[in-house]
Amino acid sequence: MTMSHPVDSVVSAVRTYIEQHRAAFLDDLAEWLRIPSVSAQPDHGPDVRRSADWLAAKLRETGFPTAEVWETPGAPAVFAEWPADDPAAPTVLVYGHHDVQPAAREDGWDSDPFEPVVRDNRLYARGAADDKGQVFFHTLGVRAHLATTGRSAPAVHLKLLVEGEEESGSPHFRALVEERAHRLAADTVIVSDTGMWSEDTPTVCTGMRGLAECEIRLHGPDQDIHSGSFGGAVPNPATAAARLVAALHDEHARVAVPGFYDGIVELTDRESELFAELPFDEEQWLRTAKSHATHGESGHTTLERVWARPTAEVNGIGGGYQGPGSKTIVPSSAMVKLSFRLVAGQDPGHIEKIVRAWAAEQVPAGIRQEITFAAATRPCLTPLDHPALQSVVRAMGRAFGKPVRFTREGGSGPAADLQEVLGAPVLFLGISVPSDGWHAPNEKVELDLLLKGVETAAYLWGDLAEHWSHAP
């Protein structure tokens, strides 16, 4: 933005431009939503490719001088680039995905999931919010930015990476980012595959937890044996599994693995205050969780527990006879599946090392253990005072006309790969709300919020260039 104009005239110009182009924008989005780009279903492989080709063509039409379809061993991704006129401008990479979850009318949809319909100012279709709608608002956003500032190129070096396998676990994403790191190099990453607290409470996510998960198999006797003849005289792997699980937490629900909390970035007092400002209804949250009481690490609120504290969960435990009636045996084996949600400062490699050592100490002689760890996801966190985050907050605040609050995400995503490989902070710009029904029947996006996303993007690039002109 240029500071020579009053703020209200800039906002007015942006909103006028968006309104003038709203119909064509929504028509284009509907055309894209009609492509059933379901990455999890092999029959839709050609549709995922068609979706990538469609987006690349539309980005070229938007004005991006570079728009390419990038091959992977799985589904293709789309990369686009639009350099700023100023070589010193910061470089921003926007991330999203063009594949969608499976959907069929018989799943409970009120209309064909791949034939978009508007009802009550809501656009219903698979991918409307997750994630085609939130990727696509950047196309009109950058055009509004150019039209209302008189620029011929964005105020920042703008790049887009839109993958095609996010809904299938992004199996080839990290390798793609590593292979193309020189093309993807950026000062910051904007992830538009997330949401806000509610329609009335615009929020910016400042971090996501990471994930490490493992399966522990315990082997005792070489076969199931008679509990009368041998029980009480040889170690029982099912008992060992139960003791291992019981040792995972202390009486304060803190993870009892030695070294687990080493180096974590603690919540600041200010962050705790900001969490507390959110209109959180714990009873409603419990209903959503289909649970009957809260529980977790002592000394922390529910939001702090799911957003900002590391955890250890038992995802599965088994061993021995599971059928009807009794079978009096000492089982030959047992199994435990564990997952660890990680916060900033925790390294998945360190977690694996200490969990292996801890598990070995819990297992008695005569029990052999095998631990297998899956590929891990690192946590990501952006400090509240980061200049790029402040630009996102200002841009969103102008669009919504109200204060912007802060959240985090308890889950994980491919954003952490971008942060780790590119060495760039990850920010989140999303306008979806919980009622949008990601992965569910009747997925929708609120059209007013979708256009607020357009408006936020229109303000963001100028604000970033103005306040972060000396990007590292």
Side-chain angles (χ1 to χ4, degrees), residues 1-30 32 58-59 61-64 82 84 92 94 96 116 118-123 128-129 132-156 158 160 190 192 194-204 388 390-405 427-433 436 444-467:
M1 69 182 181
T2 56
M3 298 308 291
S4 59
H5 296 288
V7 169
D8 57 354
S9 68
V10 174
V11 171
S12 176
V14 167
R15 290 177 178 170
T16 298
Y17 183 90
I18 291 171
E19 187 57 35
Q20 289 172 343
H21 295 83
R22 168 191 172 120
F25 166 74
L26 293 177
D27 285 347
D28 284 344
L29 176 57
W32 193 21
K58 188 58 63 174
L59 292 172
E61 183 182 310
T62 297
F64 282 85
W82 197 338
V92 180
V94 174
V118 175
R119 297 191 297 268
D120 300 324
N121 206 30
R122 300 178 175 112
L123 176 62
K132 288 179 177 177
Q134 300 204 92
V135 168
F136 203 59
F137 75 59
H138 285 286
T139 61
L140 184 53
V142 71
R143 286 165 52 207
H145 163 62
L146 298 178
T148 55
T149 59
R151 295 177 178 273
S152 58
V156 298
L158 186 58
L160 269 69
I190 304 282
S192 283
T194 184
M196 306 192 310
W197 181 266
S198 70
E199 294 177 52
D200 300 324
T201 307
T203 54
V204 173
Q390 290 303 311
S391 287
V392 173
V393 171
R394 280 191 296 268
M396 185 174 265
R398 291 181 79 185
F400 282 86
K402 57 177 62 178
V404 175
R405 308 294 186 187
L427 311 175
F428 299 85
L429 171 56
I431 49 75
S432 184
V433 289
D436 284 346
K444 55 86 175 170
V445 68
E446 300 283 337
L447 290 182
D448 288 346
L449 297 185
L450 185 64
L451 296 176
K452 289 299 184 188
V454 173
E455 190 178 343
T456 300
Y459 304 137
L460 178 56
W461 312 133
D463 192 290
L464 270 169
E466 179 182 345
H467 292 95

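Just the heavy atoms: all of them, side chains too, but no hydrogens, waters or symmetry mates, feed the values below. Note that the structure is predicted; figures quoted are calculated from it, not measured.
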Give every residue pair that meets the salt bridge (charged side-chain N to carboxylate O under 4.0 Å, His left out) criterion with at least one member in residues 447-456, sequence neighbours excluded.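 Pairs touching residues 447-456 that pass the test: R15-E455, K452-E455.
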
Partner of V392 by side-chain contact (heavy atoms from CB on, under 4.5 Å), out of L464, T456, L427: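 So the option named by the test is L427.
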
I need the single residue from L146, D28, T139, L140 that forms a side-chain contact (heavy atoms from CB on, under 4.5 Å) with T62. Which is it?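 Exactly one option meets the side-chain contact (heavy atoms from CB on, under 4.5 Å) with T62, and it is T139.
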
My understanding is that only residues two or more places apart in sequence, or in another chain, count here; which of them pass side chain to side chain donor-acceptor pair (under 3.5 Å) with [X]?
X	value
Q390	none
S198	T201
S432	D436, W438

Please identify each residue that fulfils ring pair (Phe, Tyr, Trp, His ring centres under 6.0 Å) with F64, with sequence neighbours left out.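 Expected list: W82.
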
Please round to the nearest 0.5 Å and tell me the distance separating atom CG of L451 and atom CD of E446.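 CD of E446 is found 11.5 Å from CG of L451.
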
Roughly how far apart are I431 CD1 and Q134 CD, rounded to 0.5 Å?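 Answer rounded to 0.5 Å: 4.5 Å.
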
Answer yes or no: is there a side-chain heavy-atom contact under 4.5 Å between S192 and F137?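 Yes, at least one pair of side-chain atoms sits under 4.5 Å.
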
May I ask you to test the R22-V454 pair for a side-chain heavy-atom distance under 4.5 Å?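 Side-chain contact under 4.5 Å: no.
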
Crowded around N121 CG? As in, over 12 foreign heavy atoms under 6.0 Å?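 Result for CG/N121: enclosed.
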
Is there a donor-acceptor contact under 3.5 Å from the side chain of [X] to the main chain of [Y]?
X	Y	value
T203	W197	yes
T194	G430	no
K58	L29	no
H145	A155	yes

Relative to each other, are the rings of F25 and F136 parallel, tilted or perpendicular (30° and 60° limits)?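 Geometry flag for F136 against F25: parallel rings.
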
Does E199 have any salt bridge (charged side-chain N to carboxylate O under 4.0 Å, His left out) partners at least two apart in sequence or in another chain, and if so, which?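 By the salt bridge (charged side-chain N to carboxylate O under 4.0 Å, His left out) rule, E199 matches no residue at all.
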
